Amino acid sequence: MLQLTHPSTTLTPKFVSLQESYEQCRQITAECSKTFYTGTLLMPEAKRRAIWAIYVWCRRTDELVDGPQAKYTTESTLDHWESTLESLFSGHPKDNLDVAMVDTLERYELDIQPFRDMIAGQRMDLHRSRYQTFEELKLYCYRVAGTVGLMSTVVMGMDTEINASPWMRSNPAIPPIPEAVSLGIANQLTNILRDVGEDARRGRIYLPLEDLELFDYTQEELLQGVIDDRWRGLMRFQIQRALKYYREAEGGISRLHPDARWPVWTALMLYRKILDVIVENDYDVFNRRAYVSKTRKLLYLPQALVRSQIS
């Protein structure tokens, strides 16, 4: 006999356990961002779990406009996602993956604004596929990646011993906020350079059009995958810009909590290495995907450890 639920009865959704939710986040991170995942393994367990949860939320946000179902995404979709975000910050998960995110929000004093800014970045992707100037692109990079730096810094924590000396106590510790944003921008610029061909096949060009004009290289040639001296010059120019942001980011790592420096240095060095691979591939980002091999990743671990201890 069918039992009817009284209209006033509120059913509590059944989700997986907290441990299972974090495990799902770990698996997604490991599968979707191998370089980033390598860095997280060097963190203390609580921090790495929180970073996995944040990564998965960010990836799900990105996939609203870049994933398999992106063609169905509208402004209303993003409005609903932002409403779901507010529920998370109120302690109410909507699905299994949210369980880990809600727990992370309870453990760390994360601000909702960077999350909102990231959704604003997806709104940019929803309506435009070109950027005329670097300033326009920089805003996009902040929203979709610089925000990740802000989120992650809260989890990483600061070095409380920096101002331990009596002569330093009058100077409050300065969180590495600009440097965290710079690292996010550097990573996103690297993504853009690595994914030029993939984006072109979707009709997208993220390289600033003013830079294409500077090197007398056309949008049509980019969409056709033309590689010549003009293209190589344009790519060298873009790589140097990304490297500038990596250098800016380096200055903030020493202000992070000691247990966060090695993983952050590792992630920075491995991601920056993608730019070297692009050069090694003769700037062919149309037919070859630049990635760092497992062997190279292992070789960078001790180098990153040394950097984390001397800076």
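This chain uses plain numbering: 1 for the first residue, then up along the sequence. What you are looking at is a predicted structure, and each value in this text was computed from that prediction instead of being measured.
Other residues, nucleotides and ligands place no more than 12 heavy atoms under 6.0 Å from the NZ atom of Lys94. For CD of Glu31, the number of neighbouring non-hydrogen atoms (other residues, nucleotides, ligands) closer than 6.0 Å is 12 at most. Around CD of Glu109, the count of heavy atoms belonging to other residues, nucleotides or ligands within 6.0 Å does not exceed 12. Around CZ of Phe89, the count of heavy atoms belonging to other residues, nucleotides or ligands within 6.0 Å exceeds 12.
What you find for Ile205 and Gln219 is that their closest heavy atoms are CD1-CB, 3.8 Å.
Between the side chains of Asn191 and Tyr271, at least one donor N or O lies within less than 3.5 Å of an accepting N or O. In this structure, a donor-acceptor pair under 3.5 Å is present between the side chains of Thr218 and Glu221. Between the side chains of Asp211 and Gln238, at least one donor-acceptor pair of N or O atoms lies under 3.5 Å.
Asp276 and Lys273 are joined by a salt bridge, as a carboxylate oxygen and a charged side-chain nitrogen come within less than 4.0 angstrom of each other. Taking 4.0 Å as the cut-off between side-chain N and carboxylate O, Glu82 and Arg123 count as a salt-bridged pair. With respect to the salt-bridge test (charged N to carboxylate O, under 4.0 angstrom), the residues Arg107 and Asp103 qualify. A salt bridge is absent between Glu280 and Arg288; no separation between the charged side-chain nitrogens and carboxylate oxygens falls under 4.0 Å. Ion pairing between a basic and an acidic side chain is recognised when a charged N comes within 4.0 Å of a carboxylate O; Asp284 and Arg232 show no such pairing. The pair Arg26-Glu23 counts as a salt bridge, with a side-chain nitrogen and a carboxylate oxygen less than 4.0 angstrom apart.
Side chain of Glu20 to backbone of Ser17: a donor-acceptor contact under 3.5 angstrom is found. Looking at Arg272, its side chain never comes within 3.5 Å of a backbone N or O of Tyr246 through a donor-acceptor pair. The backbone N or O of Thr29 lies less than 3.5 Å from no partner atom in the side chain of Ser33, so there is not a single donor-acceptor pair.
Ring planes of Phe36 and Tyr55: parallel class, angle under 30° (limits at 30 and 60°). Ring pair Trp57/Phe115 is perpendicular by interplanar angle, where above 60° counts as perpendicular and below 30° as parallel. Note on ring orientation: taking the six-membered ring where Trp is involved, the planes of Tyr206 and Tyr131 are parallel (angle under 30°, cut-offs 30° and 60°).
Between atom CD1 of residue Ile51 and atom OG1 of residue Thr40 there is a gap of 8.5 Å, rounded to the nearest 0.5 Å. The line from CD of Gln132 to CG of Leu209 is 5.0 Å long, rounded to the nearest 0.5 Å. Between atom OG1 of residue Thr84 and atom CG of residue Asp79 there is a gap of 11.0 Å, rounded to the nearest 0.5 Å. The CG atom of Leu243 sits 5.0 Å away from the CD atom of Gln240 when rounded to the nearest 0.5 Å.
Using a 4.5 Å cut-off between side-chain heavy atoms of Ile, Leu, Val, Met, Phe, Trp and Tyr, with links allowed through other members, Leu207 and Phe237 fall into the same hydrophobic cluster. No single ILVMFWY cluster, assembled from side-chain heavy atoms under 4.5 Å apart, contains both Met269 and Leu305.
The residue from Arg204, Arg143, Arg130, Arg202 that alone fulfils the salt bridge (charged side-chain N to carboxylate O under 4.0 Å, His left out) condition with Asp125 is Arg204.
Geometrically, Arg49 engages Tyr22 in a cation-pi contact, judged by NZ or CZ lying under 6.0 Å from the ring centre and within 45° of the ring axis.
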Can Tyr300 and Thr38 be said to form a side chain to side chain donor-acceptor pair (under 3.5 Å), step by step? CA-CA 11 Å; Tyr300 268 87; Thr38 299; over 6 Å; no
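The shortest side-chain heavy-atom distance between Leu110 and Ile54 falls under the 4.5 Å cut-off. A 4.5 Å side-chain heavy-atom check between Gln69 and Glu63 finds every atom pair outside the cut-off.
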